Amino acid sequence: MLPTKRVSASGDGASPRLSIRLDLGDGVRIGPGKVRLLEEIGRAGSISAAGRALGMSYRRAWELVEALNRGLGAPVAETAAGGAGGGGARLTGLGEAVVRTYRAIEAESNAAAAGRLADLLGQQQD
C-alpha cells in the first residue's frame, strides 16, 4: 500500500516530485545534497557556512566538494585562505554549470513525470 501522506522530495508538503541522482560513471554521483551544498556555497560564500546551513560539519562539506573536484577533474569551488581579510569560497564556472545542469534535468524530469505521479496518487484514494 502507498503512503497516504503526500510529501515532496524536499519534504515541504508540496506536490510529489522526483528525487534525481546522476551517476556519471567511475563513482561520480551528483544528487540533491551535493547540489544544495554548491548552491549554499554560492549564496554564503563559505564552505563552513554552507555546511552549517545544511546541518553538516565543515569536514563533511569539504569532503563532498573534494569528491566532486576529483570526480569531475576540475574544481567546483575556489577557496581563499582565512586571516585578517577573512577567507571564503565561491563556485567556479564548473560548479555553476553543475548546479544549472542538475536543476534543468530535475525540472525536465519532474515535468515529464507529473502526470504519472498524479495518476499514482489518484489510484491511492480508491
Side-chain angles (χ1 to χ4, degrees):
M1 173 181 260
L2 297 173
T4 57
K5 187 174 181 184
R6 296 179 187 180
V7 179
S8 73
S10 65
D12 63 5
S15 61
R17 300 176 51 79
L18 297 175
S19 178
I20 305 294
R21 183 181 76 187
L22 307 176
D23 292 318
L24 303 178
D26 294 329
V28 181
R29 292 182 178 87
I30 301 172
K34 288 178 182 169
V35 170
R36 187 74 189 112
L37 176 60
L38 292 178
E39 289 171 332
E40 281 297 321
I41 292 169
R43 184 190 63 74
S46 162
I47 293 173
S48 60
R52 279 192 305 274
L54 298 174
M56 70 176 69
S57 69
Y58 172 78
R59 177 181 164 89
R60 180 66 180 142
W62 182 252
E63 288 172 347
L64 292 172
V65 169
E66 282 297 304
L68 285 170
N69 291 346
R70 279 190 312 275
L72 296 173
V76 294
E78 295 175 335
T79 59
R90 70 173 194 84
L91 295 183
T92 63
L94 176 59
E96 292 171 352
V98 166
V99 170
R100 190 172 50 251
T101 301
Y102 177 88
R103 291 300 184 201
I105 291 169
E106 180 183 55
E108 292 165 9
S109 298
N110 275 297
R116 296 208 184 257
L117 289 171
D119 289 347
L120 183 61
L121 289 174
Q123 293 178 20
Q124 177 179 349
Q125 297 170 3
D126 293 341

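Nothing here was measured: the structure is a model prediction, and the numbers come from that model.
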Subject >> For Glu96, all residues meeting side-chain hydrogen bond (donor to acceptor under 3.5 Å, both in side chains), sequence neighbours excluded >> reply: none
Donor-acceptor pairs under 3.5 angstrom involving side-chain atoms of residues 22-35: please list them, not counting sequence neighbours.
from	atom 1	to	atom 2	distance (Å)
Asp23	OD1	Arg21	NE	3.2
Asp23	OD1	Arg29	NE	3.1
Asp23	OD2	Arg21	NH2	3.2
Lys34	NZ	Arg29	O	2.8

Original post:
Do you know which two heavy atoms are closest between Leu18 and Ala113, and how far apart they sit?
Top reply: CD1-CB, 3.7 Å
**OP:** Taking all heavy atoms of Asn69 and all of Ala77, pick out the closest pair and write down the distance.
**Re:** OD1-N, 4.1 Å
**OP:** Over all heavy atoms of both residues, which pair between Leu121 and Pro16 is shortest? Give the atoms and the distance, please.
**Re:** CD1-CG, 3.0 Å
**OP:** Over all heavy atoms of both residues, which pair between Ala61 and Ile47 is shortest? Give the atoms and the distance, please.
**Re:** CB-CG2, 3.8 Å
**OP:** Can you see which heavy atom on Thr92 is nearest to which on Pro75, and at what distance?
**Re:** OG1-O, 2.7 Å
Original post:
Can you check side-chain contact (heavy atoms from CB on, under 4.5 Å) on Val76 and Ile41, steps first, answer last?
Top reply: CA-CA 10 Å; Val76 294; Ile41 292 169; over 6 Å; no
Original post:
When hydrophobic residues are tied together by side-chain contacts of less than 4.5 Å, even through go-betweens, does Leu54 share a cluster with Leu68?
Top reply: yes
**OP:** Find the distance between CD1 (Ile20) and CG (Asn110) and round it off to the nearest 0.5 Å.
**Re:** 6.0 Å
Original post:
So how far is it from Leu37 CG to Glu63 CD, rounded to the nearest 0.5 Å?
Top reply: 11.5 Å
